[in-house]
Each structure stands twice: as structure tokens, then as C-alpha cells.
Amino acid sequence: YQALVCGHVNVDEGVIDLPLQRDHERPPFMRVSTPSSEQAAAQAVHDLQHHGYKKLIRKRPKQSSTEWSVISREYLNDNSDLPVTRLALTPIT
């Protein structure tokens with residue numbers, strides 16, 4: 001897939017290697033797992049269990065790797081104040 005990101009990325013290719021978890025605030029989306037997001041997810045599960053959801057369990061983050069490469073460096077709407085980079089992304093895991 002492709003992504004349009006803010007700014008001009010200085011490197012031509014790379015790998016994003018970060019764990020992912022369910023975004024409990026915006027299901028069904030996923031998000032990068034951080035200590036604070038893990039704590040918030042644990043609290044959400046605890047709160048729901050307290051309100052009668054007995055079988056609800058917290059899922060652990062999953063490892064995720066995505067290769068990316070620059071397709072082009074552009075300016076949004078031909079405005080030199082708005083640099084963007086178009087990336088090709090290939091999920092590995």
C-alpha cells in the first residue's frame with residue numbers, strides 16, 4: 001500500500017519494526033504499542049470487567065515489521081510550505 005506522510009523523508013528506504021495492539025478507543029483500528037497505551041488498555045479491560053463483561057481478556061501486542069521505500073518527494077497542492085513524501089509500504093508480519 002501507499003502512504004503520504006508530512007515532510008520530506010531523508011532516507012530512501014527502511015523498516016518499521018514496532019509492536020501493534022488493538023486501539024481500544026477507536027476499534028477496529030490498531031496502534032503502535034507503548035507503555036502508556038498498554039496501561040490504558042489494561043484499565044479499559046478492568047473497567048469493563050467491573051461492569052459485567054466477565055469473559056473480556058486483554059490481548060498482548062503483536063510484533064510487526066513493515067518495509068518502506070520512497071516513491072517520491074512532493075509538495076502538497078504545489079505549495080513549497082507543505083512538503084510531503086509518498087511511501088510504498090510492504091507488511092512483513
Side-chain angles (χ1 to χ4, degrees):
Y1 63 96
Q2 292 185 6
L4 190 64
V5 298
C6 295
H8 282 164
V9 177
N10 294 331
V11 182
D12 289 336
E13 60 186 25
V15 175
I16 301 167
D17 191 19
L18 295 168
L20 297 179
Q21 71 179 87
R22 292 193 182 279
D23 189 337
H24 68 279
E25 293 177 356
R26 295 173 199 83
F29 298 109
M30 303 292 284
R31 62 165 292 157
V32 171
S33 177
T34 64
S36 63
S37 69
E38 275 291 291
Q39 185 178 12
Q43 185 63 49
V45 168
H46 177 268
D47 292 346
L48 289 170
Q49 287 173 336
H50 183 70
H51 286 93
Y53 292 88
K54 299 296 181 195
K55 294 184 180 181
L56 188 66
I57 59 170
R58 183 172 60 118
K59 293 188 176 181
R60 301 236 180 255
K62 296 181 181 180
Q63 288 302 319
S64 175
S65 294
T66 301
E67 293 179 346
W68 61 269
S69 62
V70 171
I71 297 171
S72 64
R73 293 176 180 88
E74 311 166 14
Y75 292 94
L76 193 61
N77 299 326
D78 295 323
N79 182 342
S80 63
D81 291 334
L82 300 172
V84 293
T85 304
R86 189 171 305 274
L87 300 176
L89 297 115
T90 305
I92 305 303
T93 58

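Given the structure is predicted, the values throughout are model-derived calculations rather than measurements.
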Distance-only criterion, 3.5 Å: show the donor-acceptor pairs between side-chain atoms of residues 76-88 and protein atoms not counting sequence neighbours.
from : atom 1 : to  : atom 2 : distance (Å)
N79  : OD1    : D81 : N      : 2.9
T85  : OG1    : G7  : O      : 2.7
T85  : OG1    : V9  : N      : 2.9
R86  : NE     : E74 : OE2    : 3.0
R86  : NH2    : E74 : OE1    : 3.3

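In terms of heavy atoms, S64 sits closest to T93 at CA-OG1, 3.3 Å. Scanning both residues, W68 and I16, for their nearest heavy atoms gives CD1-CG1, 3.7 Å. The minimum heavy-atom distance linking Q21 with V32 is given by the pair OE1-O, 4.4 Å.
Taking the side chain as every heavy atom from C-beta outward, R73 and D12 approach each other to under 4.5 Å. Within the 4.5 Å cutoff, no side-chain heavy atoms of P27 are placed close to those of R22.
Note on I92: it does not cluster hydrophobically with Y1, by side-chain heavy-atom contacts below 4.5 Å among ILVMFWY residues. Hydrophobic clustering of Ile, Leu, Val, Met, Phe, Trp and Tyr side chains at less than 4.5 Å, counting indirect connections, unites V11 with L89.
We find the OG-CZ distance between S33 and R60 to be 10.5 Å, quoted to the nearest 0.5 Å. Residue D17 holds its CG atom at 6.0 Å from CD of Q63, rounded to the nearest 0.5 Å. In this structure, OG in S72 is found 8.0 Å from CG in L4, a value given to the nearest 0.5 Å.
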